[in-house]
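One structure below.
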Amino acid sequence: MADPTRDGSHPGPPPPDALRALDEQYTDAVRDQAHRYAEQRAKRVRRAGWPTPSNYAEELVHDALASIWMGTRRWDPRRTPLYFRLCSIIKDRTWHEIKRAQGRKHVLFDIAANDSAIGGDVEASLAAGASAGDLSPVVLAALTLRVVEALRELGNQDERARVILAAWAEGFIERDEVLAVTRLTPHAYDAARQRILRLAKRLPPELREAGHDLLRRVS
Amino acid sequence: MSDDWCSPTGEFEPARGGDASGEGARLRNRGETPVELDDEGDPMLGATGGELRMVDAFFHEVALDDAADPRPPTPAEQLAVDNLRTRFERLKAMTPDEQAAERERLLALDR
């Protein structure tokens with residue numbers, strides 16, 4: 001008889017070896033590192049205007065861990081270290097929250113464009129956002145395109161970076177996924193990834209800082 | 001000549017219809033709930049859905065690098081680490097009923 005806890009709609013706990021690996025790998029060092037990563041994603045969610053508690057980064061890490069422990073998210077310890085799986089789950093959740101927050105802003109923007117009677121409220125809201133460090137849609141669009149262009153320019157000069165960027169554009173972010181779809185060797189992947197990351201250091205300071213704001217607009 | 005690049009013809013490039021394209025690209029996280037990619041992009045930003053995912057992945061990698069900073073945790077970070085350890089112990093000690101409730105809560109987060 002089929003196990004109802006394994007049909008996807010009623011997820012059950014992961015296999016014992018995965019639970020054992022999780023217990024072993026979820027060390028203080030991993031908790032600390034995952035929390036630091038989550039802090040950066042939490043900032044982006046807050047800037048997107050999504051309401052979050054003050055300990056949101058801690059919530060993100062715990063929920064990611066609990067989702068593996070409870071079997072609502074999968075993890076194969078033979079393929080990915082726990083830390084990277086936690087980060088990809090956190091990224092996935094925060095990406096959707098940023099999108100939902102941005103969707104709300106778009107609705108407001110569209111309403112304002114079509115209803116002059118309430119336009120003043122939206123203008124006031126945008127002004128409040130600007131005073132809180134938000135970027136105007138026009139400036140943000142220009143910054144987004146600058147980052148896209150910088151990545152594309154790198155891709156044009158660097159074949160291996162280009163295939164990694166293409167994988168990212170398709171939604172593959174975990175190292176083993178990117179290795180699988182690009183057929184790069186681990187060494188080639190690591191080297192190309194470092195070249196891509198060096199781009200972040202070469203970005204003008206205002207653009208790098210704007211990167212934090214950028215994702216509040218990512219739809 | 002030794003070359004660690006396996007596909008000089010580019011036939012496996014995701015953007016050209018390799019392993020990363022098509023239906024397979026819509027399945028994420030190795031068997032988790034299939035996720036339909038949002039390819040609508042953002043007309044206000046003038047970027048496609050793929051470009052936005054690429055930029056998000058870029059800042060994800062930057063955040064991973066920043067998080068790897070070997071400095072010791074601040075007091076606030078240490079407190080978070082302690083809380084996370086305690087919460088994990090609590091998670092492991094949950095009764096079956098508590099586990100079912102927790103599983104429902106987690107599933108709701110992904111909806």
Side-chain angles (χ1 to χ4, degrees), chain A residues 8 11 26 28 31-33 35-37 40-41 55 57-58 61-63 65-67 69-70 72-74 76 87 91 93 95 99 106 137 140-141 144-145 147-148 151 160 163 165-173 180-185 187-188 193 196-197 200 211 214-215 217-219, chain B residues 4-7 10 12-15 18-21 25 28-33 35 37-38 40-42 44-47 49-69 73 77-78 80-81 83-85 87-88 91-92 99 102-103 106-107 109-110:
Chain A
Y26 193 49
D28 276 1
R31 282 186 271 270
D32 182 31
Q33 207 172 339
H35 183 259
R36 291 183 196 192
Y37 170 85
Q40 299 201 38
R41 296 298 295 190
N55 67 337
E58 184 187 314
V61 176
H62 179 73
D63 286 347
L65 184 280
S67 67
W69 186 262
M70 292 291 176
T72 63
R73 295 272 191 159
R74 293 187 185 181
D76 184 347
C87 290
K91 177 191 179 294
R93 177 175 163 188
W95 163 261
K99 283 174 66 175
H106 278 193
L140 196 64
T144 304
L145 292 178
V147 175
V148 170
L151 291 172
R160 293 170 185 173
V163 293
L165 294 172
W168 288 354
E170 285 286 310
F172 295 97
I173 59 156
V181 299
T182 62
R183 303 291 177 95
L184 290 173
T185 64
H187 174 75
R193 178 180 174 275
I196 295 170
L197 288 180
L214 187 65
L215 292 176
R217 286 285 181 178
V218 168
S219 65
Chain B
D4 49 8
W5 169 233
C6 306
S7 179
F12 298 113
E13 288 175 21
D19 291 357
S21 66
R28 295 289 176 270
N29 301 322
R30 294 179 287 279
E32 282 190 85
T33 305
V35 176
L37 294 179
D38 174 7
E40 287 182 5
D42 189 326
M44 285 179 69
L45 294 181
E51 286 171 336
L52 293 174
R53 280 193 296 275
M54 180 175 74
V55 171
D56 187 45
F58 172 66
F59 284 110
H60 161 75
E61 294 290 339
V62 171
L64 283 177
D65 248 32
D66 288 350
D69 185 345
E77 288 167 344
Q78 187 57 53
V81 168
N83 287 341
L84 286 166
R85 189 189 319 109
R87 294 175 73 175
F88 181 45
L91 184 73
K92 289 193 286 188
Q99 285 183 15
E102 176 71 352
R103 195 169 287 125
L106 294 165
L107 286 170
L109 288 175
D110 287 333

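By convention in this document, chain letters (A, B, ...) are assigned in the order of the sequence lines, proteins followed by strands, and residues within each chain are numbered from 1. Side chains included, hydrogens not; waters and symmetry mates left out as well; all remaining heavy atoms used.
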Which heavy atom in [X] sits nearest to a heavy atom in [Y], and how many Å separate them?
X: B:F59; Y: A:V147; value: CE1-CG1, 4.4 Å
X: A:W168; Y: B:E61; value: CZ2-CG, 3.4 Å
X: B:L64; Y: A:C87; value: CD2-SG, 3.5 Å
X: B:L91; Y: A:A66; value: CD2-CA, 3.8 Å
X: A:M70; Y: B:R103; value: O-NE, 2.9 Å
X: A:I196; Y: B:F58; value: O-CE1, 3.5 Å

With sequence neighbours excluded, tell me which residues meet salt bridge (charged side-chain N to carboxylate O under 4.0 Å, His left out) with A:D63. A:R93, B:R105

Which residues satisfy the salt bridge (charged side-chain N to carboxylate O under 4.0 Å, His left out) test with B:D65, sequence neighbours excluded? A:R193

Less than 4.5 Å to any heavy atom of chain B: does that hold for the side chain of A:H62, its backbone, both, or neither? both

Side chain, backbone, both or neither: which part of A:L151 has a heavy atom under 4.5 Å from chain B? side chain

[atom2] on [Y] to [atom1] on [X], rounded to 0.5 Å:
X: A:Q40; Y: B:D66; atom1: CD; atom2: CG; answer: 4.5 Å
X: B:R85; Y: A:R31; atom1: CZ; atom2: CZ; answer: 5.5 Å
X: B:R53; Y: A:I173; atom1: CZ; atom2: CD1; answer: 12.0 Å
X: A:W95; Y: B:L52; atom1: CH2; atom2: CG; answer: 5.5 Å

Walk me through whether B:N83 and A:N55 qualify under side-chain contact (heavy atoms from CB on, under 4.5 Å). CA-CA 10 Å; B:N83 287 341; A:N55 67 337; over 6 Å; no

side-chain contact (heavy atoms from CB on, under 4.5 Å) evaluation trace for B:L106 with A:R73: CA-CA 9 Å; B:L106 294 165; A:R73 295 272 191 159; over 6 Å; no

